[in-house]
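Working notes, structure below.
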Number of protein chains: 2
Amino acid sequence: MGAIPRRRLPVMADVAREAGVSHQTVSRVLNDHPNVRADTRARVEAAITRLGYRRNLTARALVTRRSRTLGVISFDTTLYGPASTIYGIEQAARTAGYFVSIVSLKSIDADSVRDAIAYLTDQGVDGIVVVAPQHSASQALESLPIGTPAVAVEATHRADIPVVRIDQAEGAGMATRHLLDLGHETVWHVSGPAGWLETEGRLRGWREALEEAGRPVPEPLTGDWSPRAGYEAGRRLAATAGVTAVFAANDQMALGVLRALSEEGVKVPGRISVVGFDDIPESAFFSPPLTTVRQDFDVVGRHCIEMLLRQLDAGPGPYERLVVPPGFVVRSSTAPPAAAAG
Amino acid sequence: MGAIPRRRLPVMADVAREAGVSHQTVSRVLNDHPNVRADTRARVEAAITRLGYRRNLTARALVTRRSRTLGVISFDTTLYGPASTIYGIEQAARTAGYFVSIVSLKSIDADSVRDAIAYLTDQGVDGIVVVAPQHSASQALESLPIGTPAVAVEATHRADIPVVRIDQAEGAGMATRHLLDLGHETVWHVSGPAGWLETEGRLRGWREALEEAGRPVPEPLTGDWSPRAGYEAGRRLAATAGVTAVFAANDQMALGVLRALSEEGVKVPGRISVVGFDDIPESAFFSPPLTTVRQDFDVVGRHCIEMLLRQLDAGPGPYERLVVPPGFVVRSSTAPPAAAAG
DNA sequence: CCGCAAGATGTGGTCGGTCATGTCTCAAGC
DNA sequence: GCTTGAGACATGACCGACCACATCTTGCGG
């Protein structure tokens with residue numbers, strides 16, 4: 001009643017009987033041990049296909065204490081960045097023969113991350129990738145039992161957990177310098193929300209680029225990554241005198257800025273130049289096509305798995321910190337400032 | 001050597017010893033069986049927290065033959081639609097106490113889907129959700145062992161697998177009728193790639209709406225969901241005489257169309273009205289903000305899990321086919337045709 | 001032709017839970 | 001007062017793999 005009626009699947013003992021050997025020999029064939037005679041191996045393999053046998057990974061996991069499953073913790077997987085990172089992680093993991101169990105967090109508090117970690121370790125994952133670039137998440141990594149193989153994307157307070165991150169400050173620097181090089185006096189910034197490491201990295205890169213060039217640093221406008229936030233920032237920028245260049249902390253907010261400027265009749269890049277961050281697939285088709293910083297999320301995902309697997313079969317290694325350089329894509333949303341600008 | 005050095009975690013026997021009871025009593029407390037005296041229960045619980053015991057889900061899965069893990073197969077999880085659906089699935093599953101193991105397919109062929117199914121069943125998932133709205137994927141479901149609890153998003157050829165889908169034809173009909181109601185003589189269509197069920201549903205809804213109104217049905221332009229494809233279609237539409245209304249099969253392609261029209265100096269919605277499909281977060285901030293069909297991916301995800309869990313604890317029920325109605329969002333990319341239009 | 005090592009295979013224990021069943025206690029029912 | 005039965009707990013088998021070790025073959029040198 002209620003149970004699934006599928007008849008019992010064949011187990012190793014069935015294969016052994018069918019092939020006229022012991023279950024141990026079947027196991028040896030499965031794990032291709034060298035010490036099995038060729039004809040015995042063939043007989044076992046024949047029995048396996050005849051019975052349609054598949055080994056029970058649960059039983060295997062119980063005794064080997066390896067589940068061949070990796071846990072991934074992420075925040076808002078509907079955003080392009082996290083989704084792409086996870087995609088990269090999943091592909092790399094599967095190629096390496098690992099399963100991926102994903103937890104998407106709704107809220108960013110440390111409790112949620114702690115719960116997610118507990119949830120995944122209960123399930124018996126061999127290692128964990130945490131993609132949650134907020135301070136709170138980074139702090140919550142403290143609760144990860146020492147010795148648990150893990151990799152963090154962006155950052156962590158833990159000295160024993162390797163990190164893969166994109167050089168946010170460098171990306172922001174590229175964006176800012178690009179605008180300064182075009183001749184703009186300074187660059188305004190629409191930042192991400194507080195508490196995000198990416199927000200801080202981009203703020204820092206932007207600020208330092210301005211300071212290095214000896215330019216005034218305007219008060220940044222704070223957004224929340226959404227196009228709406230960019231839109232509101234855009235309206236305020238349009239109403240602010242002297243603004244000729246804007247660096248938005250992501251492409252979605254840049255889109256909102258473009259929209260607001262367009263509504264206000266401000267020409268881009270004629271009167272104001274705009275740069276984004278992420279290079280989402282849409283940004284090449286914005287009006288105008290967006291100049292932006294490119295992040296290679298795929299590479300990040302692959303490196304995560306690589307570092308995690310290395311920990312798994314070599315034990316905890318030296319603390320690694322891999323920094324992936326960003327790229328820069330020049331399109332049509334940036335130009336020298338209009339000579340006649342007021 | 002190489003093994004993780006974390007010392008042995010406490011097991012049920014340890015708890016039993018600590019609490020002075022048998023392991024069976026510990027098990028009873030864990031599964032809150034009624035027949036345990038209150039003070040015994042308290043003693044066991046105290047021992048559990050004192051030792052920091054967590055039950056080993058692998059061992060549990062081995063004997064119960066339930067892993068409390070659901071498998072999800074999807075294609076291109078970096079797209080907004082699949083990503084959102086998976087997000088909904090993951091949330092609903094976790095709420096129900098299930099883990100989610102995800103496989104993102106690179107290519108859509110039947111072999112990949114077959115492999116993914118084998119991969120997941122090997123892992124011992126309790127059920128599978130297949131989000132792969134292509135004919136080939138739908139066909140590959142044939143290879144799913146009969147009796148395996150499963151749910152398909154969009155469609156399947158199998159009569160024993162329930163389906164959750166969004167009413168694509170209805171959405172396309174809404175878009176088309178909206179444009180006709182505004183006074184357009186007919187509506188052009190930029191479709192998705194061949195082989196996708198969504199492409200076909202949207203084509204059908206568009207065509208039927210036109211035929212019902214007795215309007216001419218122009219040759220549809222075929223895209224691949226990308227903004228670039230929309231852009232190319234947009235250029236051709238701009239060069240075609242008599243085009244006043246375009247229905248793009250998704251928002252990204254609509255963005256490309258808008259971009260192309262803008263480059264050609266064609267006013268939207270002044271000379272050509274444009275409607276999209278999906279309602280991605282960006283579309284409200286396109287230039288102009290896009291009128292589009294809204295899909296509630298969250299709802300789809302939740303229903304999937306609900307139906308899957310029902311199968312799990314009630315056995316295969318009657319074949320279900322849940323159709324989620326689309327919504328329609330009117331923004332600024334549509335207007336009546338210009339009276340003076342040639 | 002024997003001995004011995006390496007190769008091929010079998011036996012039983014183990015992982016950490018759950019399930020079926022057994023034993024014991026104690027109060028209700030006749 | 002003894003049966004009856006249910007509650008409270010313990011015991012041992014079992015899920016299906018892997019692992020250590022035992023045992024049986026085989027091949028080859030002496």
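All figures in this text were calculated on a predicted structure; none of them were measured in a lab. Labels below follow one simple rule: chain letters A, B, ... track the order of the sequence lines, proteins then strands, and each chain is numbered from 1.
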Review point. Ring centroid separation for Y80(B) and Y80(A), is it under 6.0 angstrom?
Key: no
Exercise for review: With rounding to the nearest 0.5 Å, note down the distance linking CZ in F297(A) to CD1 in I86(A).
Suggested key: 11.5 Å
**Study point:** Along DNA chain D (nearest heavy atom to each residue), the more 5'-positioned of V21(B) and P10(A)
**Key:** V21(B)
Practice item. Begin with the C-alpha distance, continue with both residues' side-chain angles, and end with the deciding distance and a verdict on side chain to side chain contact (heavy atoms under 4.5 Å, CB included) for V163(B) and R158(B). Key: CA-CA 10 Å; V163(B) 175; R158(B) 285 270 289 263; over 6 Å; no
Mind listing the N/O atom pairs, protein and nucleotides 19-28 of chain C, below 3.5 Å?
from    : atom 1 : to     : atom 2 : distance (Å)
dC19(C) : N4     : Q24(B) : OE1    : 2.7

**Study point:** Option among T64(A), L62(A), T69(A), V63(A) that satisfies the side-chain contact (heavy atoms from CB on, under 4.5 Å) test with T58(B)
**Key:** L62(A)
Practice item. Could you tell me whether the side chain of R94(A) and the main chain of S104(B) form a donor-acceptor pair under 3.5 Å? Key: yes
Practice item. Just jot down the ring-ring contact (aromatic ring centres under 6.0 Å, His included) partners of Y53(A), sequence neighbours excluded, or say none. Key: none
Check your understanding: the helix from dC1(C)-dG30(D) to dC30(C)-dG1(D): angle between its terminal axes, five pairs each, to 10°?
Key -> 50°
Review point. Does anyone know the first and last nucleotide of DNA chain D in reach of chain A, 5' to 3', at under 4.0 angstrom to a heavy atom?
Key: dG16(D) to dA20(D)
Practice item. Strictly below 4.0 Å, heavy-atom distances to any atom of DNA chain C: list the hits from residues 45-62 of chain A, or just say none. Key: L62(A)
Exercise for review: Would you check if the side chain of D126(A) reaches a backbone N or O of R68(A) as a donor-acceptor pair within less than 3.5 Å?
Suggested key: yes
Could you list the protein-to-nucleotides 6-8 of chain C atom pairs, N/O on both sides, closer than 3.5 Å?
none

